[in-house]
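Just so you know, residue 1 is the first one in the sequence shown, and it goes up from there. Quick caveat, the model's predicted, so the values are computed rather than measured.
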Amino acid sequence: MSAPVYGEPLPDDVLRLELSGDRARLGAEALVPARGPDAARLAERVRGRDVLVAVEDADTFLAQVSDTLAVLRTQARAVWLQHPDAPVAYRLVLRDEQGFRAWLEEVAPGKLRIIQRADGFELTTSVGKLPGPDRNGPSVPVRGGRQDLATLRRELARLKGRFTTSDDLCLVPSFGTEVAQVARALGGTYVAPEEGLFDTLCLVYPTPRPAPDAGSP
């Protein structure tokens, strides 16, 4: 079942960063943030700025953009991810794997998170996983080969009704997930235009691999 796309209007006065594979583009400038000099240049450009991240193609995967997200997490003032199918975006708190573990260890009710898998969404809270149609499968399975965003939206609203003081939610995609699909999943956290279920949305990304030393093969 299709679901309308909800989110926030595209922000004004932002730096637009376009991603394609492991490459990032700022206007006419192309960068590969996995390379040290390019990462430093990107950090210089985004420092203290609000950044709107857009994905140019459907085959850019989360694991490919981890170096870019690591720079944005430490340098940008705010980070937005644009939806690929509609003029809306989502403001994100970026967390690497260590930051996600620290968030989970905080003493607070709920700790709601969406584990985004190839076969659907697993909804997990501080008291366990929300069961789905198949006890061993995801909470919200894919339908017809597509994400079931309508059911995701409904189940998140139900969880929010149970954990009323939980104001943040983390999306934890498998690292082979396309960034465009990540953005679509974030749409499931909104129940109407500009009406999100949570005050804060967190995106967990894979910790980048260390760059090879100069001269290494």
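For the atom pair OH of Y6 and NE2 of H83, the computed distance is 12.0 Å after rounding to the nearest 0.5 Å. With rounding to the nearest 0.5 Å, the separation of CG in L62 from CG in L69 is 6.5 Å. Here the SG atom belonging to C202 is positioned 8.0 Å from the CG atom belonging to L171, to the nearest 0.5 angstrom. Here CZ of R25 is found 11.0 Å from CG of L17. Values are rounded to the nearest 0.5 Å. The distance from the CD atom of Q181 to the OG atom of S174 is 10.5 Å, given to the nearest 0.5 Å.
Salt bridge status for D167 with K160: present, with a side-chain N to carboxylate O gap under 4.0 Å. A salt bridge links E122 with R117: the closest approach of a Lys/Arg side-chain nitrogen to an acidic carboxylate oxygen falls below 4.0 angstrom.
No side-chain heavy atom of R49 sits under 4.5 Å from any side-chain heavy atom of R77. Between S166 and K111, every side-chain heavy-atom pair lies at or beyond the 4.5 Å cut-off. Residues S20 and Q64 are not in side-chain contact: their nearest non-hydrogen atoms beyond the backbone lie 4.5 Å or more apart. Taking 4.5 Å as the limit, some side-chain heavy atom of L169 sits within range of a side-chain heavy atom of L156. The side-chain heavy atoms of L186 and L203, taken from C-beta on, include no pair separated by under 4.5 Å. By the 4.5 Å heavy-atom criterion applied to side chains, L123 and L152 are counted as neighbours. Side chains of D50 and D13 form no contact here, defined as non-hydrogen atoms less than 4.5 Å apart. For the pair L10 and W80, the minimum side-chain heavy-atom distance is 4.5 Å or more.
Between the side chain of T60 and the backbone N or O of G21 there is at least one donor-acceptor pair closer than 3.5 Å. Of the possible polar contacts, one joining the S139 side chain to the L130 backbone as a donor-acceptor pair under 3.5 Å is found. Under a 3.5 Å cut-off, the side chain of T74 and the backbone N or O of V71 do form a donor-acceptor pair. Checking side-chain atoms of D38 against main-chain N and O of P33 turns up no donor-acceptor pair under 3.5 Å.
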Discussion item. Test salt bridge (Lys or Arg N to Asp or Glu O under 4.0 Å) on E29 and R41; report intermediate values, then the result.
Written reply: CA-CA 10 Å; E29 186 173 14; R41 178 62 179 153; 2.9 Å; yes
Discussion item. side-chain contact (heavy atoms from CB on, under 4.5 Å) for L26 and L42? Distances and angles first, verdict last.
Written reply: CA-CA 9 Å; L26 285 166; L42 178 62; 3.8 Å; yes
Item to complete: Could you check L104 against R113 for side-chain contact (heavy atoms from CB on, under 4.5 Å), going step by step and ending with a plain yes or no?
Response: CA-CA 10 Å; L104 286 175; R113 58 254 191 213; 3.7 Å; yes
Practice prompt. Go through the steps for R91 and E8 under the test side-chain contact (heavy atoms from CB on, under 4.5 Å), then give the verdict.
Written response: CA-CA 8 Å; R91 183 167 178 169; E8 300 292 334; over 6 Å; no
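Looking only at atom types and distance, the side chain of R101 has no donor-acceptor partner in the side chain of Q98 under 3.5 Å away. A donor atom on one side chain and an acceptor atom on the other are not found under 3.5 Å apart for T207 and D96. Remark: the Y205 side chain and the R95 side chain contain no N/O donor-acceptor pair separated by less than 3.5 Å.
Note on L31 and L19: same hydrophobic cluster, where clusters join Ile, Leu, Val, Met, Phe, Trp and Tyr whose side-chain heavy atoms are under 4.5 Å apart, directly or indirectly. L72 and F175 fall within a single hydrophobic cluster, where Ile, Leu, Val, Met, Phe, Trp and Tyr are joined by side-chain heavy atoms under 4.5 Å apart, directly or via other members. Both W103 and I115 belong to a single network of hydrophobic side chains, linked directly or stepwise wherever heavy atoms of I, L, V, M, F, W or Y lie under 4.5 Å apart. Residues L94 and L15 share a hydrophobic cluster, clusters being chains of Ile/Leu/Val/Met/Phe/Trp/Tyr side chains in contact below 4.5 Å. If you chain together hydrophobic residues whose side chains sit under 4.5 Å apart, L52 and L81 never meet in one group.
Across all their heavy atoms, A183 and P84 have their closest contact at CB-CD, 3.7 Å. The two residues P141 and D148 come nearest to each other via the heavy atoms O-CB, 3.6 Å. Of all heavy-atom pairs between G176 and F61, the closest is O-CD2, 3.1 Å. Annotation for Q116 and V182: closest pair OE1-CA, 3.8 Å, computed over non-hydrogen atoms. Summarising the geometry of L197 relative to A157, their closest heavy-atom pair is CD1-N, 3.7 Å, with the distance given to 0.1 Å. Nearest heavy-atom pair across A54 and Q82 is CB-OE1, 4.0 Å.
More than 12 heavy atoms of other residues, nucleotides or ligands shown are found within 6.0 angstrom of CD on E106.
The ring of Y190 has its center closer than 6.0 angstrom to the ring center of Y90.
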